[in-house]
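Just below is one structure, and these are the notes that go with it.
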Amino acid sequence: MGRKVLTDKIHIPGIETIEVYKNNGGYETLKKALKQMTPSEITEEVKKSGLRGRGGAGFPTGMKWSFLENTSVGPRYLVCNADESEPGTFKDRFLIEKIPHLLIEGLIISSFALGAESTFVYVRGEFKTQIGILSKAIREAYASGFLGKNILGTGFSLDIYVHSGAGAYICGEETALLESLEGKRGNPRLKPPFPAVKGLYDRPTVVNNVETLAAVVPIIALGGEEYAKIGVGKSTGTKLISACGNINNPGVYEIELGLSVDTFLNSNEYCGGLKNGKNLKAIVPGGSSVPILPGNLILKTANGDDRLMSYESLSDGGFVSGSMLGSGGFIVYDEDACIVRNTWNFSRFYHHESCGQCSPCREGTGWMEKVLHRIEYGHGTSKDVDLLVSIAKRIEGNTICPLGDAAAWPVASAIRHFRHEFEFHIENPEIVKNIKHHSPEKYKVAVS
Amino acid sequence: MLQVTIDNHTIEVPEGTTILQAARMIGGSIVPPAMCYFSKLKGTGGKCRTCLVRVAKSSEKDARPMPKLVASCSTPVQHGMVVENTTSQEVLDTRKSIVEFLLINHPLDCPVCDQAGECDLQNLSYEHGLENTRYEEGRREFPQVDIGENIKLHMNRCILCYRCVYAVNQLTNGRVHGVLYRGDASEISTFIQNSIDNEFSGNVIDVCPVGALTDRTFRFRSRVWFTKPMDAHRDCKTCSGKAVVWMTGNDISRVTARKDQFNEVEEFICNECRFDHKNTTDWVIEGPRKIDKTSVISANHYEKIKQAAIINPVKKIIEKQAEK
Ligand SMILES: Cc1cc2nc3c(=O)[nH]c(=O)nc-3n(C[C@H](O)[C@H](O)[C@H](O)COP(=O)(O)O)c2cc1C
Ligand code: SF4
Ligand code: SF4
Ligand code: FES
């Protein structure tokens, strides 16, 4: 059993209410932080904890916070990114739904550390239920004196605002999120300036993921050094992994970073192995944006070491033989899955979600999707695979925000590791045209 | 002052100058093409990516890993920066890809486009384009829209540079012009197809780098290369009245703002000058417009134009709007 610090109490009935949460030690950490610690002491603990952003990029949270330390007087803001829209990622939703007060407690402690008196939670619009749960919990926190003016008599005041998104994945990108929050079209901003300098309403701002801010509670409760003992190397602490695909136990798991991929995939405590005794074909370990890896490379690195669920181990081998931890969306493909179809599906998503601001992403995502669609339906030509590689390469690194890269990587990596499937589609149009994709048996015959 | 070297030319520039501005101060063939940046419109740039250059070396202070391709229009110069534009094969190759991206959904209907001959995209493709296309899919198509009586929106040709959006935001006081939808389905639109009822709306025609926004009063009247541009002015209450009239024989077929060698408007003009005065008697003709693309305008000259003649009129316009 790995250690759990975020989800250890979610089995307790009624934990989403403030009474039960309080009866189980909830808001005690808040009292400790507000009454016994200074803001910079809190930031110092977060630095010591080694916590890295759980939204995808893995940027050290303590360092991000410290960018705000020397900024001028006047308002500064904390924004919680709960826009979670990456295919394969569904952990923030789970946390808000199961234990909303943990996030609220984390938000209050973090706001205190950053000197923010207004904090915004930007929630994906489709999460209607979770917005309801979170709003109710916030009302409870106000009624208990944890929010509002002069919290716990410390003189610190804080208001939390919940803002519902309107259905755009791009609004999860932190600067697009800020634009959207300001009531504008959700186009990512040019960086620099970074949000720490010029964020919401041009004021210094920190944007953090839901899980990142929730993790601040155990960090303060345990102390940064103690938290850093969980995990492995620079991947400290626990991580929520949302597992899906053809596995026995899909769901959200809190793991200690450093757990082996093999254990996570096959042990009954977690995914429980593939369903119906199928063989593993591939895994996308960190949400749709990160490179796909074939079964052999996801279980072992190119050097033959066991692959671990950690920032470093998952990216071992770079883009040649590695991937990324990303946001922790663990998608498993069995032997019947069609990589071409999956790649087309991802590509369709990025085409649909590109904001359209910069030309490589606006034009390139649509182009890739159309070519992949042709290949998938038996109209590919021999030049198409190299064409896709070339388009992906031309998008990567040439765009305003990382959505361009996120659209290019899945295509490039699928071709890198599964080129034969693309070529099979192109060389056998008659077979491909006749495949019904809800009957995997037929597909298996076709590709093997 | 900060020192920057672009394609082996070294220049000192004030703090806050972008790489593109510095390159324009040096002038000549090292100036990167800019399809979306427009110096007189605040906030433009960063979108088209045609101005990408390679920063070979940044200042010691900059922590970001270099070398790296950056958008020159929106990257400020740092002291000691070394930039490569035409001297970098990577930049030239990438620019080719960007042009390819800009063209895949472009209708290439130059033979029937009023912008042909003075189109930035045409010039860009001529210099950086591929000879053949690798794009075999369908192109996006939109219906044509009339924005009021005088302006035609031909969305198929739009490269989504957002210049018109910023122009309308900054020159007029009603925010009715913007972008609908997203990705390659994005569309320029006046809010629910309202016409922009404002005396400066016609300037969107001049800021548009392609033939997506054209002058309905000039539509199909003549090819631009058969018309003769003359500097002219008139006494105008709304704007400076300084314009270019484009003559077909002895008739004025079109009126536009005056543009500098980077194809940017010098002074925005009002709709009355642009659309309603097509008689030669309305104008004092100064003489033929010099169109000398190869001239190298010195840094000071460039600055002078920018401050004295360009920023201020816009400010005046905005203030006028605010008073109403
Ligand atoms: C296209 C795109 C979508 C993103 N979506 C999310 C999201 O839904 N949730 C999130 O926390 N971060 C998302 N991010 C990452 C954010 O930009 C940002 O890095 C993150 O919120 C920072 O929080 P962290 O440091 O706590 O991870 C997205 C980034 C991109 C480029
Ligand atoms: S990369 Fe794509 S999503 Fe990001 S700013 Fe450019 S067009 Fe928009
Ligand atoms: S209509 Fe013209 S100015 Fe407006 S975004 Fe399109 S290309 Fe740019
Ligand atoms: S001119 Fe710089 S990105 Fe368009």
Side-chain angles (χ1 to χ4, degrees), chain A residues 63 166-171 176 183-194 348-374 379-381 383-384 386-388 390-401 403-404 407, chain B residues 18 35-37 43-52 62-64 68-71 73-76 78 90-91 93-106 121 133-140 158-162 165 169 175 178-188:
Chain A
M63 195 194 291
Y169 167 65
I170 191 57
C171 289
K184 302 180 193 146
R185 181 185 162 87
N187 280 1
R189 296 178 183 169
L190 298 173
K191 287 186 263 188
F194 291 92
R348 196 166 52 147
F349 173 79
Y350 290 108
H351 175 204
H352 188 255
E353 297 299 334
S354 161
C355 84
Q357 231 190 142
C358 52
S359 15
C361 171
R362 178 185 65 241
E363 305 297 341
T365 51
W367 193 0
M368 289 197 301
E369 195 225 313
K370 286 173 187 161
V371 175
L372 282 161
H373 181 267
R374 271 200 289 109
H379 303 284
T381 68
K383 285 179 289 183
D384 281 344
D386 289 332
L387 177 63
L388 283 172
S390 151
I391 302 170
K393 194 159 160 262
R394 289 169 168 212
I395 299 173
E396 190 185 337
N398 292 332
T399 56
I400 295 178
C401 89
L403 188 138
Chain B
T18 62
M35 299 293 287
C36 68
Y37 171 76
T44 50
K47 300 191 195 311
C48 71
R49 317 306 279 178
T50 53
C51 72
L52 288 176
D62 195 349
R64 285 176 301 169
K68 192 176 164 199
L69 296 189
V70 302
C73 67
S74 41
T75 307
Q78 295 193 345
E90 189 190 359
V91 169
D93 289 348
T94 307
R95 194 162 291 146
K96 263 203 166 71
S97 342
I98 304 291
V99 177
E100 183 180 38
F101 282 135
L102 286 176
L103 289 177
I104 61 170
N105 272 309
H106 193 79
L121 187 60
T133 175
R134 304 189 294 166
Y135 187 74
E136 289 167 3
E137 327 302 320
R139 289 167 201 268
R140 61 200 174 113
C158 172
I159 58 161
L160 285 162
C161 71
Y162 279 62
V165 178
N169 272 356
R175 189 177 171 275
V179 179
L180 292 183
Y181 312 117
R182 64 177 179 238
D184 60 8
S186 300
E187 255 183 73
I188 295 296

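Chain letters run A, B, ... following the sequence lines, proteins first, then strands; residues in each count from 1.
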Backbone N/O of [Y] and side chain of [X]: donor-acceptor pair under 3.5 Å:
{"X": "A/S359", "Y": "B/C48", "answer": "yes"}
{"X": "B/R49", "Y": "A/P360", "answer": "no"}
{"X": "A/R362", "Y": "B/F101", "answer": "no"}

Using heavy-atom distances under 4.5 Å, tell me whether [X] contacts chain B through its side chain, its backbone, both, or neither.
{"X": "A/L190", "result": "side chain"}
{"X": "A/T381", "result": "neither"}
{"X": "A/I391", "result": "both"}

Full working for side-chain contact (heavy atoms from CB on, under 4.5 Å) between B/D184 and A/W367
CA-CA 10 Å; B/D184 60 8; A/W367 193 0; over 6 Å; no

Part of [X] within contact of chain A (heavy atom distance under 4.5 Å):
{"X": "B/L160", "value": "both"}
{"X": "B/V179", "value": "both"}
{"X": "B/Y135", "value": "both"}

Within the supplied structure, the quantity of interest is the number of heavy atoms (other residues, nucleotides, ligands) at a distance under 6.0 Å from A/K393 NZ; does it exceed 12?
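No - once you tally the heavy atoms of other residues, nucleotides and ligands closer than 6.0 Å, there are 12 at most.
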
Contact winner vs chain A - B/N105, B/T94, B/L52, heavy-atom pairs under 4.5 Å:
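The residue among B/N105, B/T94, B/L52 with the greatest pair count is B/N105.
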
Got B/R182 and A/H352 here, is their nearest side-chain heavy-atom distance under 4.5 Å?
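They are in contact (side-chain heavy atoms under 4.5 Å apart), so the answer is yes.
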
Could you check whether any side-chain heavy atom of A/E363 comes within less than 4.5 Å of a side-chain heavy atom of B/E100, counting everything from C-beta outward?
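Not in contact.
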
Of the non-hydrogen atoms in A/R185 and B/S186, which two are nearest, and what is the gap between them?
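The answer is NH2-OG, 3.8 Å.
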
From A/T399 OG1 over to B/K47 NZ, what is the distance, rounded to the nearest 0.5 angstrom?
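Taking OG1 in A/T399 and NZ in B/K47, the distance rounds to 13.0 Å.
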
Could A/K370 and B/E136 be called an ion pair, given the rule that one side-chain N must be under 4.0 Å from one carboxylate O?
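So A/K370 does not pair with B/E136 through a salt bridge.
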
Chain B contacts, top residue of A/G366, A/C361, A/G364, A/C355 (heavy-atom pairs, under 4.5 Å):
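Looking at each option in turn, the highest pair count goes to A/C355.
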
